[in-house]
Number of protein chains: 2
Amino acid sequence: MNSSLIHSPRRDRTTAAILDAAAHVLAADGAAASMADVANAAGVGRATLYRYFETRESLLEALAADAVAEAGARLADAGLDGVPVELAIERIVRAIVAVGDRYAIIVREGILPDREDEEVERLLGMPIRAVFARGVRTEVLRPDVTLDVLLELFGGLLTSTIKLVGQRRIGLEDAAAAVTDVFLQGSRAQ
Amino acid sequence: MNSSLIHSPRRDRTTAAILDAAAHVLAADGAAASMADVANAAGVGRATLYRYFETRESLLEALAADAVAEAGARLADAGLDGVPVELAIERIVRAIVAVGDRYAIIVREGILPDREDEEVERLLGMPIRAVFARGVRTEVLRPDVTLDVLLELFGGLLTSTIKLVGQRRIGLEDAAAAVTDVFLQGSRAQ
DNA sequence: CCGTACTGAGACACTAGTGTCTCGTAAGAG
DNA sequence: CTCTTACGAGACACTAGTGTCTCAGTACGG
């Protein structure tokens, strides 16, 4: 029987465990992590890992697709268009940081399988860009820094925040609040 | 004659070229870049590369040491202690971003040769931390976010700025000004 | 309680990168 | 101009990771 088309609960569970472990290991050890490392972390044999993902590349692809889908879903649920820009930005931070490890791997220099780039742009880039563009248009965000540059700086803040949360040096809520505040108000006192 | 102890001008030039090329390649391709890639980028043969650096590890070590030394020297020359915190932060940004590629590699997950960590802390961590601590003490920087967290967020901004400058999407001066401004004042308009 | 299907362990071939060595050649110093 | 020195190219052994395969053991559904 072709089990690759049938999603038994057991198979789904193992798949999820592998993806979780892979995200964790790759976020920690970087691209240096091997398939054996991932298998160990997931508590399965190396052969089983290959039964779930034909190649290392397809594992990374699935990981990226998973991360993009989850982050995208959170953003879509966030109702960004209906709220003030400040609140929208806070929700974006919360959504991305919540995905954490998974997202960090995507950023760590495009492991993205080429066409997956479109998905990133469609599900993540566009909604975020829209909020920022609205911010500039409604004079909530400063107009003297290019939108592109502002987004890149925002991304840098998010990456370091994910790192902090991943190392448990700060909680998710505190982190989201802090980074939103710093990004909007800056680090200057009062 | 033991040429490893004699620093002929030619050897120094080649060493510098290799380190430059290595920094560039590693910053672009990440840790995936091979010794052959570095040799190609430097315009030397692979054998020659090994004549200058016994192992891949020693190349990375030299690269990190070089980056830390240069960034450290720039910070030391910046006279951080004598100027207001805002100006000191701007000078830190300028110093780190100027080192660029080299610095980015250090950050990309400690390739640091263990004891080199001390040097990073002594030459980079301490002076920067001192400025931030002074900022909090003199009520220039917000006290409601941990110094550690603030430093990490600052580092995230620096990393994305280096990326922007490396891709020529913004000039060094504009970048330094923008990131300083955003970090201190935030992204909110006026 | 039985049988099917999945599993972990390990052997295996293959690939890519590392580090070593040699040799003919080119370049720079005196 | 000559002689030394470093160079590039390539062969080489070695290592580590990838992906395939087999096989005995085990969990789980019927």
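Numbered from 1 within each chain, the chains take letters A, B, ... in sequence-line order. We use all heavy atoms of the structure for the numbers below, so side chains are in, but hydrogens, waters and symmetry mates are not.
- In this entry the distance linking CG of B:L49 with P of D:dA6 reads 16 Å, nearest Å.
- Taking atom CD of A:E57 as the reference point, atom P of C:dA16 lies 14 Å away to the nearest angstrom.
- Between B:D77 and B:R91 no salt bridge is recorded (no basic side-chain N to carboxylate O distance below 4.0 Å).
- Checked against C:dG8, D:dG19, D:dC7, the side chain of A:T55 finds its nearest nucleotide in D:dG19.
- The interatomic distance linking A:D37 (CG) with D:dT18 (C1') rounds to 13 Å, in whole Å.
- One atom, CD of B:E54, and another, C1' of C:dC21, lie 15 Å apart when rounded to the nearest Å.
- Both A:R56 and B:T48 lie near DNA chain D, and the one whose nearest nucleotide falls closer to the 5' end is B:T48.
- One donor-acceptor pair, N or O on each side, does fall under 3.5 Å between the base of C:dG19 and the side chain of B:R46.
- Interatomic distance, CG of B:L123 versus CD of B:E70, reported as 12.5 Å (0.5 Å rounding).
- We find the CG-CZ distance between A:L49 and A:R56 to be 10.5 Å, quoted to the nearest 0.5 Å.
- Within the structure, every side-chain polar atom (N or O) of A:Y50 is placed at least 4.0 Å from both OP1 and OP2 of C:dA9.
- The side chain of A:M35 lies closest to D:dT18 when the candidates are D:dT18, D:dG10, D:dC7.
- Whole-Å rounding puts the A:L60 CG to D:dG19 C1' distance at 15 Å.
- Closest to the side chain of B:A47, from the set C:dG19, D:dA9, C:dA9, is D:dA9.
- Note on A:Y52: a side-chain N or O is less than 4.0 Å away from OP1 or OP2 of C:dT7.
- Regarding B:N40, its CG atom lies at a distance of 12 Å from the P atom of C:dT18, rounded to whole Å.
- Using a 4.0 Å cut-off between charged nitrogen and carboxylate oxygen, B:D181 and A:R142 count as a salt-bridge pair.
- Look at CG on A:L59: it is 10 Å from P on D:dT18, rounded to the nearest Å.
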When you look at B:R102 and B:D20, which way does the salt bridge (charged side-chain N to carboxylate O under 4.0 Å, His left out) test go after all the steps? CA-CA 8 Å; B:R102 305 279 241 270; B:D20 277 343; 2.6 Å; yes

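- For A:R51 against C:dG8, a side-chain-to-base donor-acceptor contact under 3.5 Å is present.
- Taking atom CG of residue B:L26 and atom P of nucleotide C:dG17, one finds them 14 Å apart after rounding to whole Å.
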